[in-house]
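Working notes, beginning with the structure itself.
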Amino acid sequence: MELSTSTQVMILILQTLGPFTVLVTVYFLVTELREQNKVSRANARQNIADSHQRLALAGLQKELVTIKVKLRNDEPLTGEEESMYITHFSAIVRARQNQFYQHSIGMLDEDEWNSMVSSLKTLFNDEKNIEVWGFMAPTFPKDFVDFVDEKIKEREVYSKKKNS
């Protein structure tokens, strides 16, 4: 059975257009993936901001403010205060762990990440936080523990240089 000339032309046109159709489809898929990535990154940033805000507001509770003032004044904490502080500090470090993870999967850019690292470092300017980290560290993933321990060592090196 022989095809008519017009049918052969139509088949030739479709065969010629087929690869271009695939390219256009791939282009639109790539464009959509880029947009989805932007949305995902924005959602990750918003979730981190929300978490930070909740932790900041929790830190303004009268009991926690009293605990922080006592720590600054080198006053001893009661057992209940110690427990409250450890719980609050643990929540802060868990939020930092999430930021560490978000950065490791490419959801945070370097500027955002660097500001979060600076914030993490300020946590460990306090000896009490280093003490608490010492016994809570085994409850975190090893890569995060290594990262935090490195930042604590950097702080110690900086303190030694500053005091020399």
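Please read these numbers as outputs of a predicted model, since none were measured by experiment.
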Shortest non-hydrogen contact from [X] toward [Y]:
X      : Y      : result
Glu81  : Pro76  : OE1-O, 4.3 Å
Leu123 : Asn129 : O-ND2, 2.6 Å
Ser119 : Thr122 : O-OG1, 2.6 Å
Val93  : Phe140 : CG1-CZ, 3.5 Å
Lys151 : Lys121 : CD-CE, 3.7 Å

Rounded to the nearest 0.5 Å, how far does [atom2] of [Y] lie from [atom1] of [X]?
X      : Y      : atom1 : atom2 : answer
Leu108 : Ile105 : CG    : CD1   : 8.5 Å
Ser115 : Leu120 : OG    : CG    : 11.5 Å
Glu112 : His103 : CD    : NE2   : 9.5 Å
Glu154 : Glu150 : CD    : CD    : 5.0 Å
Thr66  : Lys68  : OG1   : NZ    : 10.5 Å
Asp126 : Glu131 : CG    : CD    : 9.5 Å

*Hey, is the main chain of Glu75 close enough, under 3.5 Å, to the side chain of Asn73 for a donor-acceptor pair?*
no
*Look only at the side chain of Ser83 and the backbone of Gly79, and say whether a donor-acceptor pair between them is shorter than 3.5 Å.*
no
*asked:* Under a 3.5 Å cutoff, is there a donor and acceptor pairing between the side chains of Thr7 and Ser4?
replied: yes
_Check this for me: does any side-chain nitrogen of one of Asp146 and Lys142 sit under 4.0 Å from a carboxylate oxygen of the other?_
yes
*Carboxylate-amine/guanidinium proximity below 4.0 Å for Lys128 and Glu82*: yes
*Would Trp113 and Phe147 count as a close aromatic pair, with their ring centres under 6.0 Å?*
yes
Are [X] and [Y] connected in the hydrophobic side-chain network, where two residues link if heavy atoms are under 4.5 Å apart?
X      : Y      : value
Ile92  : Val117 : yes
Leu64  : Ile86  : yes
Val148 : Phe135 : yes
Trp133 : Tyr101 : no

*Trace of the side-chain contact (heavy atoms from CB on, under 4.5 Å) decision for Gln99 with Gln102*: CA-CA 5 Å; Gln99 294 164 356; Gln102 295 295 333; 5.6 Å; no
*Should the ring pair Phe89 and Tyr85 be called parallel, tilted or perpendicular, given that the plane angle runs from 0 to 90° and is split at 30 and 60?*
parallel
